[in-house]
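Because only heavy atoms are used, hydrogens play no part in the values below, and waters and symmetry mates are left out as well, while side chains stay in.
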Amino acid sequence: MRATTLTRNIGHAFGENRLTLVAVAILLLLLLCAAFGTVLAPYNPLMTDGTAKLVAPCMAHPFGTDALGRDILSRVVVAARLDLGMAISAVVLSFAGGLALGSAAGYFGGWTDRVIGRVMDTIMAFPLFVLAMGIVAALGNSVLNIVIATMIINLPFYCRFARGEVNVRREMGYIEAARMGGNRALQVLTNHIVPNILPPMMVQASLNMGWAILNAAGLSFIGLGVRPPTPEWGIMVSEGASNIISGEWWTFVFPGAALVLAVFCFNLLGDGLRDLLDPRRRI
Amino acid sequence: MGFVGKRLLGTIPSLIGVVIVTFLLSHALPGDPAAYFAGPAANAASIAGVRAKLGLDQSLPVQFMHYIVDLAHGNLGNALTTGQPVLTDLIDRLPASLELTFFALVFAVALGIPMGVWAATKPDSLADHICRASVSVAAAFPTFFVGLILVYIFYFLLGLAPEPVGRLNEILYTAPPRVTGAYTIDSLIAGDWNTFRASLAQLVLPAISLGLFALAPIARITRAAMVQSLGSDFTRTARAAGLPRGKILVTYAFRNALLPVANVLGMVFSFLLGSNVLIEQVFGWQGIGAYAVSAVLASDYAAVQGFVLMMAVLYILLNLIVDLLATVIDPRVRFEA
């Protein structure tokens, strides 16, 4: 019974909203690039070619080549792994951290709640991208620290969301029953509350992915974290920017378009997932 | 007055938190400023000497006290890259960033609110769908990418926009004498119309690229709030009483929709101040964002921390202003707080 409801729900989410189907297709493409990028790419993304600098898109180079003669299509494809990797690990980390902190704050209340709430408020008191810059500057200029910075600035959203969800469930009958049954606080949280707040948290995560991608790409655009010649969409846009004045648009448009496609895909997926998990929102 | 006082007091914990975080960023994290300041040829003894000179050998609480005293004196340390006090550098460049952010905000509000209102008056019409689609597409575009596309189209292809060389093409025009630091205002004060027009022209593309990102939340919230207040009882009553359509829309519905719009402005400022850094980078804008980027790349700790602190204080102040504006829009806020 449950399975058929789920299939019907999935069918509904896809049927009603074709865009979700498009988003799933884009996601598969992106994941394919991330997994097999080095095999799929027609050229070595690091190979320079002095005879083919700034070649416009053509049969041999569908996305053209950059100022060093590197094939842009290959670089865009290979970069998917790094860009998605940074964003996904940051989102997974803030998801886990926010879930733990938010559940604790919502379930125990009192001092735990006040201290955690105050820390989250302090993070939110900064313009978030600026705080991310400060964190990368303090921790050191590396890809790992970009992930950490992105994780920290996303933490408050998950934490507040989890806190609110736990708070409304804390006094519900089935939780009272679990408590009466002799479960310890931690057991009640992990076995009875968290499984129920995971689905709405997943929607948050999916909607948040696009923002995490933009944030990580923004940091590498200004020269943090990823070093040339590593292919990464943000840094490729920034490298291509110097060719604008002479009109070589392909150097920055294709990596930028890849970014837009990825963000758009995750935003659509988040909307689709929300429709799937919360049928009341389908009007 | 009670509300204003309470709201002012409410900023104090945020300010304390911000100061603690910037202190921790600069003093408690890995990365050794002493080794950096001592230079590549330093040995252990000279690094220790630099550490003692900078006060980095003392305990964290003592260092924190020194940090507070320095802050109270407006001393943010010296920037390595420019050799000047960080505060002087920042104040020098702040007007450029504020000018850009202000024009971006004006653009986003001037376009986003009418779009939202228009979409709300015709729910589920073609206009509504176009409005929503364009807003969600705009939200997927990185600010820096939008900036570059606009430069390519309007400067390279169409030749309508001036070269993206910063605030003013210094070869053709001379900067107006500094009064406020904002070129558009200073050139008006100096009565120099050519410079005014030139600096305004330089502003158009960066302000639009920055503002586009803020457009989405403003338009979306305006639409939602307007749909709600247009469907409410007081609007129905006003309509039944035969009031003119314009009056219902503006005085009844819009005034009540303004509060959620004002509340989303806080988030919008966070976007604007953050994306400012990216846009300044694209357009060669000589603001504090560009300054911070070069400081980060040069590991200029004092300058970066000063920048982060200044942006946070600015953000807190902007939120304060928004909250005070909200009480003007809707006096009920005072009692709820």
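How far CD of Glu163(B) is from CD1 of Ile244(A): 11.5 Å, rounded to the nearest 0.5 Å. For the atom pair Phe141(B) CZ and Phe264(A) CZ, the distance stands at 9.0 Å (nearest 0.5 Å). Within the model, atoms CZ of Phe145(B) and CH2 of Trp233(A) stand 12.0 Å from one another, a figure rounded to the nearest 0.5 Å.
Heavy-atom pairs under 4.5 Å with chain B peak, among Leu224(A), Val263(A), Val136(A), at Val263(A). When the candidates Val293(B), Val313(B), Asn319(B), Thr143(B) are compared by the number of heavy-atom contacts under 4.5 Å with chain A, Val293(B) comes out ahead. Ranking Gly17(B), Gly274(B), Ala140(B) against chain A, the residue ahead of the rest is Ala140(B), based on heavy-atom pairs under 4.5 Å. Counting heavy-atom pairs closer than 4.5 Å to chain A, the top residue among Leu157(B), Ile316(B), Leu309(B), Val18(B) is Val18(B). Ranked by non-hydrogen atom pairs under 4.5 Å with chain B, the options Ala262(A), Ala132(A), Ser246(A), Cys265(A) are led by Ser246(A).
Scanning both residues, Leu148(B) and Phe252(A), for their nearest heavy atoms gives CB-CE1, 3.6 Å. Across all non-hydrogen atoms, the minimal contact from Ala125(A) to Ser14(B) is CB-CB, 4.4 Å. Ala292(B) approaches Met133(A) most closely through the heavy-atom pair CB-CE, 4.0 Å. A pairwise comparison of heavy atoms in Thr22(B) and Phe126(A) identifies CG2-CE2, 4.3 Å as the closest pair. The minimum heavy-atom distance between Ala138(A) and Leu25(B), with the atom names listed, is CB-O, 3.1 Å. Here the closest non-hydrogen pair linking Leu259(A) and Pro142(B) is CD1-CG, 3.9 Å.
Heavy atoms of other residues, nucleotides or ligands lying less than 6.0 angstrom from CZ of Phe102(B) number 12 at most.
Using cut-offs of 30° and 60° for the angle between ring planes, the Phe221(A) and Phe144(B) rings count as parallel.
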Give the intermediate values and the outcome of side-chain contact (heavy atoms from CB on, under 4.5 Å) for residues Val21(B) and Leu131(A). CA-CA 10 Å; Val21(B) 170; Leu131(A) 180 62; 4.2 Å; yes
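Only one option out of Leu278(B), Val282(B), Leu297(B), Val296(B) pairs with Ile222(A) in a side-chain contact (heavy atoms from CB on, under 4.5 Å); it is Leu278(B).
Neither the backbone nor the side chain of Ala295(B) comes within less than 4.5 Å of any heavy atom in chain A. Only the side chain of Tyr315(B) comes within contact range of chain A, with heavy atoms under 4.5 Å apart. In this structure, the portion of Val304(B) lying under 4.5 Å from any heavy atom of chain A is its side chain and not its backbone. Contacts between Phe269(B) and chain A at a heavy-atom distance below 4.5 Å are absent for every atom of the residue. In this structure, chain B has no heavy atom under 4.5 Å from any part of Asp121(A). Contacts of Tyr152(B) with chain A are made by both backbone and side-chain atoms, with heavy-atom separations under 4.5 Å.
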